[in-house]
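Right, one structure below, let's go through it.
Naming: A, B, ... by sequence-line order, numbering from 1 per chain. What you are looking at is a predicted structure, and each value in this text was computed from that prediction instead of being measured.
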Amino acid sequence: MEYNFAEVEKKWQQRWRSDNAYRVTEDADRPKLYVLDMFPYPSGAGLHVGHPLGYIASDIYARYKRMQGFNVLHPMGYDAYGLPAEQYAIQTGQHPATTTQQNIARYREQLDKIGFSFDWSREVRTCDPAYYRWTQWAFIRMFHSYYCYDAQQARPVEELVGVFAQQGTTGLNVACSEELSFTAVEWCAKTEAEQQQTLMRYRLAYLGEAMVNWCAALGTVLANDEVAAGLSVRGGHPVEQRKMRQWCLRTSAYAQRLLDGLDSLGWSESLKETQRGWIGRSEGAELAFRVKNSDVALEVFTTRADTIFGVTFMVLAPESGYVAQLTTPAQRQEVDAYLEATKRRTERDRMADKKVSGAFTGAYATNPLTGEDIPVWVSDYVLAGYGTGAIMAVPAHDSRDYAFARHFRLPIVPLIEGCDVSQESFDAKEGVMVNSGFLNGLTVQQAIQRAKEHIAETKLGKVKVNYRLRDAAFSRQRYWGEPFPVYYKDGMPHTLPESCLPLELPSVDKFLPTEAGEPPLGRAAAWAWDTEKSAVVETAKVDNRAIFPLELSTMPGFAGSSAYFIRYMDPHNPRALAGKAPNAYWRSVDLYVGGTEHATGHLIYSRFWNKFLYDIGATCEDEPFRKLVNQGMVQGRSSFVYRVVGANHLVSAGLKDRYQTQEIHVDISLVDKDVLDVEGFRRWRPEFADATFELEDGKYICGSAVEKMSKSMYNVVNPDDIVEKYGADTLRLYEMFLGPLEQAKPWDTSGIDGVHRFLRKLWRLFYDRQGSFDVSAEAPTPQELKVLHRTVKKVRGDIEAFSLNTAVSALMICANELTDLGCRKREVLRPLTALIAPFAPHLAEELWEALGGGASVCKVPFPDFDPALLAESALEYPISVNGKLRFKKTLALGLSKEEAQQLLLADPRAEALLGGRPLKSFVYVPGKIINLVC
RNA sequence: GCGGAUAUGGCGUAAUUGGUAGCCGCGCCAGCCUUAGGAGCUGGUGCCGAGAGGCGUGGGGGUUCGAGUCCCUUUAUCCGCACCA
């Protein structure tokens with residue numbers, strides 16, 4: 001029998017399925033291990049060859065650990081809510097649920113062909129009401145929680161109400177949109193509506209007037225991580241800042257815990273740095289500048305409290321509420337014109353031209369330390385969303401303030417001895433203070449400290465830590481997402497009772513906003529809440545007594561992906577996201593594999609969400625992902641043809657410099673080793689059916705480039721095609737063989753024959769030329785055992801270190817050596833089969849069966865190695881003197897340094913090498929080299 | 001601008017973590033077997049040189065008996081953040 005991968009793989013995939021081979025249950029007698037992949041968004045394009053990279057790596061790891069006796073949870077599911085399905089729905093009228101369903105079916109088919117060991121009985125889909133009821137449930141809990149900084153955890157809002165009634169805001173240390181101050185008496189005097197409005201500032205899920213990223217083209221609000229350089233990440237449409245009433249999550253409350261938690265995680269340093277940067281902790285002081293002839297005190301945040309003596313003006317962000325309040329009548333026109341101009345500029349324009357612009361409000365504030373009057377300006381270089389939306393400007397020591405001061409001819413007062421600010425500001429935090437009153441003579445570092453103390457003592461302000469991490473915008477004006485379990489009574493939001501969940505997504509006639517500009521849910525015929533019947537009823541029935549309109553926006557994509565890893569632990573539980581017992585068993589994800597693109601999105605949100613669930617006792621671990629491996633992106637290799645501009649004439653790549661040409665992407669299936677299938681191309685692109693082709697050596701050579709793998713570049717490689725041609729085991733091996741997992745790499749199929757050949761070579765260790773099974777019961781030689789045990793040791797170490805490319809190489813070397821030795825012995829081939837099982841499970845099963853090994857190779861213990869066997873054998877070492885002279889010497893492994901020295905000095909050749917010189921020292925590296933140092 | 005990472009044959013990469021640089025694979029060359037083949041097998045393959053030999057891990061410097069690996073410096077590429085006060 002020849003190695004017929006198609007047959008073998010089909011056979012074992014069917015058997016695994018019918019045996020439920022990879023189903024797991026909690027088992028207190030075995031150690032658990034939770035190995036998770038980031039679940040995919042099922043797009044219409046299907047899986048490309050890049051998607052399974054991480055899945056294969058984690059599958060190898062999961063299979064390996066399973067063979068070592070771990071009870072491995074290795075599930076898979078779908079992040080099924082998302083923009084593309086909705087936009088497709090708008091274009092075609094097809095319900096997103098239908099297309100999503102179809103895409104999922106396609107994904108499943110593709111995944112099944114690769115031979116993963118997922119427990120599909122635990123599949124989770126975010127758009128499934130049985131799942132998203134827990135997304136809605138968490139939202140309700142957030143709505144009814146506030147964050148207490150003293151306890152460092154989320155607490156029920158009722159508790160806060162009790163505090164307010166007893167002591168008002170005195171002594172309160174809690175997360176809040178805007179700090180308020182009232183007494184218990186004042187609290188009790190508030191109306192119900194006022195109390196609710198006040199509480200809204202404390203809730204972890206709150207309705208707020210927030211500056212949001214509004215994308216007009218998508219018709220929705222986007223989160224910060226969904227916007228890059230002023231454009232939407234999806235689609236690349238312009239995004240503007242807008243103040244809107246939106247649901248928000250108070251992620252900022254968890255900033256410090258999100259930061260601290262990173263230290264204990266087994267993530268790459270660069271990923272942790274990215275998150276640290278995104279959280280953006282900075283220590284400084286907040287202090288107030290009194291505005292003259294007004295009762296306004298402008299609060300500013302600064303990390304350079306030492307520079308207050310050099311504050312020569314202040315700047316407000318254009319969006320700041322104080323602008324209108326402080327602008328004098330004389331300056332009104334100029335300021336209004338400036339605000340108008342800024343509003344028209346998009347975020348992107350602002351970034352593109354960094355021209356200094358601004359306007360004087362006419363108001364003056366008083367520098368609290370110098371007592372001088374300083375002008376208050378408005379400029380768009382100050383951000384509304386960071387700090388207080390106002391700054392104290394120190395032009396001598398901040399380059400942005402410097403540019404502004406220069407442009408508007410404002411005074412610049414240097415504060416550091418000997419610094420030159422005639423050309424540029426001196427931003428470095430070094431030197432000795434001058435012109436700074438009581439700070440004179442101190443170093444900058446000392447002065448920062450002293451100034452902060454002074455501010456706190458004199459009550460000018462207080463020491464404060466500021467974070468860049470902002471609250472997450474949580475509303476999307478879209479259809480295809482989780483509905484909010486919220487109805488509105490007298491304009492105030494109320495949550496549905498938890499017992500009424502899930503609140504299912506209603507059907508609508510179209511997926512577009514309503515004519516009135518409401519989100520698509522405004523079209524739903526039945527989208528009102530009957531508080532008496534606790535049921536969704538027709539929208540038309542809304543009245544003033546018991547029936548109220550439901551929230552029209554839906555939750556963003558990250559909502560559903562923020563707790564799915566907990567659901568896998570107990571996926572069918574109707575009473576909890578996950579039951580206490582399964583949760584206590586599986587705890588958290590031991591290994592999480594996925595792309596870096598989620599560094600500041602999913603991986604922040606889900607940590608936040610998990611910490612909240614931890615606070616309310618819904619999960620037993622504070623951090624969801626102990627270890628995380630980022631697989632590098634698999635890029636595509638695109639091919640191009642070159643069209644002569646203005647002519648229906650295409651020239652081969654080597655000739656393109658002779659003409660003025662235009663690059664055109666060509667489908668890579670029409671290109672083989674850079675040679676274009678000209679006839680195929682004509683058929684593919686009818687507009688070139690009668691084009692003329694200028695060839696080189698009778699061939700049309702295409703150009704190429706490494707780009708993102710995408711449909712529009714025509715460079716997508718489908719794993720199905722690889723499986724068809726080479727088999728799943730070859731695909732698995734080859735994806736690992738490509739290089740280190742974390743590295744980005746272009747897909748290049750040209751090396752795949754090598755690993756395919758390896759599998760055939762392996763097959764031939766079991767089957768002879770005629771194709772009959774031919775394995776002997778003879779005892780292996782020490783040399784054969786050494787080859788085996790060395791490989792086992794190497795492969796074990798490599799899998800533990802997640803160095804799967806070198807593990808595959810080691811297996812290939814092993815097969816080569818056994819072939820060279822002509823070793824076809826059962827005692828060697830049995831462990832070898834178990835060794836390759838995680839990598840090439842189908843082939844391993846087949847060979848295992850042929851060996852008569854028992855039910856399934858996936859259930860046998862992973863082979864171990866005998867260190868003694870490896871140490872016993874003699875090896876050849878070179879000896880060198882001062883790294884120059886060398887000759888060979890045979891020594892036994894496993895000697896101590898002293899033993900080796902004795903042996904060495906007794907060796908006549910060492911004596912000759914030394915030539916009478918005394919031996920100063922020597923370097924003995926077991927198994928490697930002996931170097932004599934004279 | 002700030003932060004992080006990477007740099008090794010024609011290509012993807014490896015190097016027992018400071019110890020003979022280039023394992024494994026692709027490609028290429030030669031041979032065998034078949035020969036219509038992009039099939040299979042065996043051997044060779046860092047560069048220069050006929051040879052002895054010399055040179056080689058982006059460039060420059062350093063530490064060391066010994067450096068791809070450690071330190072300083074510089075260049076290039078990729079990624080993240082980007083008016084964060």
Side-chain angles (χ1 to χ4, degrees), chain A residues 224 228-229 268-278 280-282 284 300-305 307 311 314-315 317 350-351 354 356 379-383 385-394 397-401 403-404 427 466-470 596-597 599-600 630 632-633 672-673 675 733-734 737-740 742-758 760-761 790 793-794 797 803 805-816 876-886 888 920-934:
Chain A
N224 285 334
S268 74
E269 214 36 60
S270 72
L271 180 58
K272 288 202 247 185
E273 267 314 306
T274 302
Q275 288 216 342
R276 288 191 188 108
W278 192 260
R281 180 191 156 101
S282 61
V300 299
F301 174 77
T302 180
T303 54
R304 292 295 301 272
T307 59
V311 176
M314 298 187 75
V315 188
R350 269 203 203 187
M351 287 180 194
K354 293 196 172 175
V356 177
S379 172
D380 64 4
Y381 85 88
V382 174
L383 305 175
Y386 184 75
T388 59
I391 62 151
M392 57 175 229
V394 187
H397 303 292
D398 182 287
S399 53
R400 299 153 301 180
D401 297 343
F404 194 82
D427 291 15
N466 220 353
Y467 300 91
R468 206 177 66 107
L469 183 75
R470 303 196 217 156
T596 8
E597 65 271 23
T600 53
N630 281 126
M633 211 207 307
D672 185 37
K673 301 221 159 87
V675 177
L733 254 346
Y734 187 58
F737 186 72
L738 229 40
E742 287 90 343
Q743 222 164 75
K745 54 219 151 198
W747 179 263
D748 174 13
T749 316
S750 63
I752 200 167
D753 294 295
V755 290
H756 187 63
R757 229 168 264 152
F758 155 66
R760 290 214 307 258
K761 195 168 231 171
R790 204 202 307 129
K793 183 180 179 190
K794 172 90 174 128
S803 173
N805 55 326
T806 54
V808 173
S809 291
L811 291 170
M812 290 165 90
I813 294 168
C814 182
N816 287 347
E876 291 214 307
Y877 298 123
I879 296 185
S880 71
V881 173
N882 290 350
K884 299 276 183 204
L885 310 168
R886 293 195 178 107
K888 301 258 179 177
K920 249 202 262 174
S921 71
F922 80 105
V923 184
Y924 166 63
V925 181
K928 199 67 186 177
I929 190 169
I930 295 168
N931 194 345
L932 311 175
V933 182
C934 301

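- In terms of modelled atom types and a separation under 3.5 Å, the side chain of A/Arg281 and the main chain of A/Asn466 share no donor-acceptor contact.
- One finds no side-chain N or O of A/Asn466 lying less than 4.0 angstrom from the OP1 or OP2 phosphate oxygen of B/rA85.
- As a whole-Å value, the separation of A/Glu269 CD from B/rG3 P is 15 Å.
- A distance of about 10 Å separates the C1' atoms of B/rA14 and B/rA21, rounded to the whole Å.
- Here B/rG38 sits opposite no nucleotide as a Watson-Crick or G-U wobble pair (both hydrogen-bonding atom distances under 3.5 Å).
- The pairing partner recorded for B/rA50 is none, the criterion being a Watson-Crick or G-U wobble arrangement whose two distances lie under 3.5 angstrom.
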Determine, step by step, whether A/Trp278 and A/Tyr467 satisfy the ring-ring contact (aromatic ring centres under 6.0 Å, His included) criterion, reporting the C-alpha distance in whole Å, the side-chain angles of both residues, the deciding distance to 0.1 Å, and the verdict.
CA-CA 9 Å; A/Trp278 192 260; A/Tyr467 300 91; over 10 Å; no

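- As rounded to whole Å, 13 Å separates atom P of B/rG25 from atom OH of A/Tyr734.
- Of the P atoms belonging to B/rU57 and B/rG51, the separation is 23 Å, rounded to the nearest Å.
- Residue contacts for A/Arg790: at a heavy-atom cut-off of 4.0 Å it reaches no nucleic acid atom on any strand shown.
- Spacing of C1' atoms, B/rG62 relative to B/rG18, comes out at 16 Å, to the nearest Å.
- Among the nucleotides B/rC83, B/rG4, B/rA85, the one closest to any side-chain atom of A/Ser270 is B/rG4.
- Pair assignment for B/rG80 gives B/rC2, based on Watson-Crick or G-U wobble hydrogen-bonding distances that are each under 3.5 Å.
- Distance NZ (A/Lys794) to P (B/rC24): 13 Å, rounded to an integer number of Å.
- Counting only heavy atoms from C-beta on, A/Ser750 has its side chain closest to B/rC26 among B/rA15, B/rC26, B/rC24.
- As judged by a 4.0 angstrom heavy-atom cut-off over every strand, A/Asn805 is placed among residues touching the sugar-phosphate backbone only.
- The gap from the C1' atom of B/rG40 to that of B/rC79 amounts to 44 Å, rounded to the nearest Å.
- Distance check: A/Leu738 CG to A/Gln743 CD gives 10.0 Å after rounding to the nearest 0.5 Å.
- Residue-to-nucleotide proximity on RNA chain B shows that, of A/Gly754 and A/Arg760, the 5′-proximal contact is made by A/Gly754.
- At B/rG40, one or more side-chain N or O atoms of A/Arg757 fall inside 4.0 Å of OP1 or OP2 (strictly under the cut-off).
- Residue A/Asp380 contributes atom CG, which lies 18 Å from atom P of B/rA85 at whole-angstrom precision.
- From A/Phe758, atom CZ reaches atom CD1 of A/Ile813 across 10.5 Å, with rounding to the nearest 0.5 Å.
- Rounded to whole Å, the separation between the P atoms of B/rC26 and B/rU77 comes to 33 Å.
- The main-chain N or O of A/Thr600 is never found under 3.5 Å from a side-chain atom of A/Gln275 such that the two would form a donor-acceptor pair.
- Screening A/Asp401, A/Asp398, A/Val315, A/Val300 for a side chain to side chain contact (heavy atoms under 4.5 Å, CB included) involving A/Met392 leaves a single residue, A/Val300.
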Show your reasoning for whether side-chain hydrogen bond (donor to acceptor under 3.5 Å, both in side chains) applies to A/Ser809 and A/Thr806.
CA-CA 5 Å; A/Ser809 291; A/Thr806 54; over 6 Å; no

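- B/rG38 sits 28 Å from B/rG46 when the C1' atoms are compared, rounded to a whole Å.
- Under the Watson-Crick and G-U wobble criteria, each requiring two contacts below 3.5 Å, nucleotide B/rA85 is left unpaired.
- The residue A/Ile391 sits close to a base: some heavy atom pair falls under 4.0 Å.
- Surrounding NZ of A/Lys745 are more than 12 heavy atoms belonging to other residues, nucleotides or ligands, all under 6.0 Å away.
- Comparing atom distances between the A/Ser809 side chain and each of B/rA85, B/rC81, B/rC24 picks out B/rC24 as nearest.
- A tilted orientation is assigned to the rings of A/Phe404 and A/Tyr381, their planes being inclined by 30° to 60°.
- B/rG10 sits 28 Å from B/rA5 when the P atoms are compared, rounded to a whole Å.
- The shortest distance between the side-chain N/O atoms of A/Asn816 and the OP1/OP2 oxygens of B/rG25 is below 4.0 Å.
- Here A/Gln743 lies in heavy-atom contact (under 4.0 Å) with sugar-phosphate atoms only.
- Between B/rA82, B/rG80, B/rA85, one nucleotide has an atom nearer to the side chain of A/Arg468 than all others, and that is B/rA82.
- Spacing of P atoms, B/rG19 relative to B/rC71, comes out at 15 Å, to the nearest Å.
- For B/rG19, the paired nucleotide is B/rC65, the pair qualifying as Watson-Crick or G-U wobble because both relevant distances are below 3.5 Å.
- A close approach under 4.0 Å does not occur between any side-chain nitrogen or oxygen of A/Tyr381 and OP1 or OP2 of B/rA85.
- Within the 4.0 Å cut-off from OP1 or OP2 of B/rA85, at least one side-chain nitrogen or oxygen of A/Ser282 is found.
- If you measure from atom CE of A/Met812 to atom C1' of B/rG12, you get 12 Å, rounded to the nearest angstrom.
- Going from atom CG of A/Asp398 over to atom P of B/rA82 covers 18 Å, rounded to whole Å.
- In this structure, A/Leu271 atom CG and B/rA5 atom P are separated by 13 Å, rounded to whole Å.
- Glycosidic conformation, B/rG10: anti, with the torsion outside 90° of 0.
- When Watson-Crick and G-U wobble pairs are counted only if both distances are under 3.5 Å, B/rU8 pairs with no nucleotide at all.
- The side chain of A/Glu273 lies closest to B/rG4 when the candidates are B/rA85, B/rC83, B/rG4.
- A 3.5 Å limit on both hydrogen-bonding distances identifies B/rG27 as the Watson-Crick or G-U partner of B/rU45.
- Pair check for B/rA14 finds none; no Watson-Crick or G-U wobble contact set falls under 3.5 Å.
- Distances shorter than 4.0 Å separate none of the side-chain N or O atoms of A/Arg276 from OP1 or OP2 on B/rG4.
- Heavy atoms of A/Pro746 sit nowhere under 4.0 angstrom from any nucleic acid atom.
- In this structure, B/rU17 is classed as syn because its glycosidic torsion stays within 90° of zero.
- At whole-Å resolution of the value, NE2 in A/His756 and C1' in B/rG25 are 15 Å apart.
- Mapping A/Thr806 and A/Ile813 onto RNA chain B by nearest heavy atom places A/Thr806 at the nucleotide closer to the 5' end.
- Proximity note for A/Thr600 (side chain, C-beta onward) versus B/rA85, B/rG25, B/rC81: the nearest is B/rC81.
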